[in-house]
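Please read the structure below before turning to the comments.
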Amino acid sequence: MLMKYWINTVSKDHLQRGIAGGFTQANHGKPHMLRRLSKGDLIIFYSPKTAYVDGEPLQAFTALCRVTDDEPYQVQMTPDFIPFRRNVEFLPSEEIPIKPLISDLEFIQDKSRWGYKFRFGMFEINEHDFKLIARAMGRNGFSKT
């Protein structure tokens, strides 16, 4: 199976919980996008804000990880919130602002409305865009494992 590349839009405070626990969630805990991930896929995190809801604008690529499991699972966080997760391995990378990369990113078709695509939460990107962002984050070369 071919490796796929993804962007996951997550506030930095929520991302930090995932880094601490070795997991990711997507689209407010819904399973549909997490089911599309395969073991070995690579995810870059984009954080529009420092904190969910009232955080300061950040607009940065904030982390990078590899999927390490085979399917989503649920975890009860509160009696009313049982989100789906995937286990991941976070890889060393540097936080970088998105704005210097916008003109070169193919997944952003309308450069004047560059933030629109991130409203989808998690979405697949091509290898060119993944490598461009990963290199800017200080990463080179990836394998399936």
Would you say the side-chain atoms of Lys49 pair up with the backbone N or O of Val53, donor to acceptor, closer than 3.5 Å?
yes
Does Arg139 pair with Glu94 as a salt bridge, N-O distance under 4.0 Å?
no
Is there a side-chain contact between Leu42 and Phe130 (heavy atoms, below 4.5 Å)?
yes
Backbone N/O of Ile102 and side chain of Lys111: donor-acceptor pair under 3.5 Å
yes
Strictly distance-based, threshold 3.5 Å: is any side-chain N or O of Asn27 a donor or acceptor partner for the main-chain N or O of His32?
no
Are more than 12 heavy atoms from other residues, nucleotides or ligands located less than 6.0 Å from atom CD of Gln109?
no
The reported gap from CZ in Phe45 to CD1 in Ile7 (rounded to nearest 0.5 angstrom) is 10.0 Å
Quick check with a 6.0 Å cut-off and a 45 degree axis cone: is Arg113 positioned over the face of Tyr116's six-membered ring?
yes
Distance-minimising heavy-atom pair for Asp70 and Arg86:
C-NH2, 3.4 Å
Hydrophobic cluster membership, with links at side-chain heavy-atom distances under 4.5 Å among I/L/V/M/F/W/Y: are Val75 and Ile82 in one?
no
Side-chain H-bond candidate by donor/acceptor type, Thr50 with Asp13, under 3.5 Å:
no
How long is the straight-line distance from CG of Leu15 back to CZ of Arg17, given to the nearest 0.5 Å?
10.5 Å
State yes or no: are the ring centers of Phe107 and Phe120 separated by less than 6.0 Å?
no
Within this structure, what is the NZ-CG distance for the pair Lys4 and Asn126, rounded to the nearest 0.5 Å?
13.0 Å
Which heavy-atom pair separates Met122 from Ile43 by the least distance, and what is that distance?
CE-CD1, 4.1 Å
Treating Ile, Leu, Val, Met, Phe, Trp and Tyr as nodes and any side-chain heavy-atom pair under 4.5 angstrom as an edge, say whether Leu58 and Phe118 lie in one connected cluster.
no
Nearest 0.5 Å, what's the CH2-CD1 distance between Trp114 and Ile108?
7.0 Å
Residue pair Ser11 / Ser47: nearest heavy atoms and the distance that separates them:
C-OG, 3.9 Å
Less than 6.0 angstrom from the centroid, inside 45 degrees of the normal: does Lys117 satisfy that with respect to the ring of Phe123?
yes
Taking all heavy atoms of Pro97 and all of Pro100, pick out the closest pair and write down the distance.
O-CD, 3.5 Å
Hey, do the aromatic rings of Tyr52 and His28 have their centres closer than 6.0 Å?
yes
Does Arg36 form a side chain to side chain contact (heavy atoms under 4.5 Å, CB included) with Trp6? I'd like the steps, not just the answer.
CA-CA 10 Å; Arg36 294 184 58 198; Trp6 304 87; 3.8 Å; yes
Heavy-atom closest pair (Ile44 atom, Ala134 atom, distance to 0.1 Å) is CD1-N, 4.1 Å
Linked, directly or transitively: Tyr73 and Val67 (ILVMFWY side chains, under 4.5 Å)
no
Gap between atom NE2 of His14 and atom OG1 of Thr9 - 0.5 Å precision
13.5 Å
Honestly curious: do Ile96 and Tyr46 fall in one hydrophobic cluster under the side-chain, below-4.5 Å linking rule?
yes
Centre of Phe84's six-membered ring, under 6.0 Å away, within 45 degrees of the axis: is that where NZ or CZ of Arg35 sits?
yes
Between Thr78 and Phe81 (side chain of the first, backbone of the second, donor and acceptor by atom type, cut-off under 3.5 Å), is there such a pair?
yes
Starting at CD of Gln74, measure out to CG of Leu34 and round the result to the nearest 0.5 Å.
10.5 Å
Is atom CD of Glu56 surrounded by more than 12 heavy atoms (other residues, nucleotides or ligands) closer than 6.0 Å?
no
Test side chain to side chain contact (heavy atoms under 4.5 Å, CB included) applied to Tyr5 and Ile125, Asp41, Ile133, the passing residue
Ile125
Quick check on the hydrophobic clustering: are Phe23 and Leu91 connected, directly or via other members, by side-chain heavy-atom contacts under 4.5 Å?
no
Taking everything shown except Glu71 itself, do over 12 heavy atoms lie less than 6.0 Å from its CD?
no
Has Gln25 got a side-chain atom pairing as donor or acceptor with Arg85's backbone, closer than 3.5 angstrom?
no
Identify the two heavy atoms, one from Asn87 and one from Asp69, that lie closest to each other, and give their separation to 0.1 Å.
N-OD2, 2.9 Å
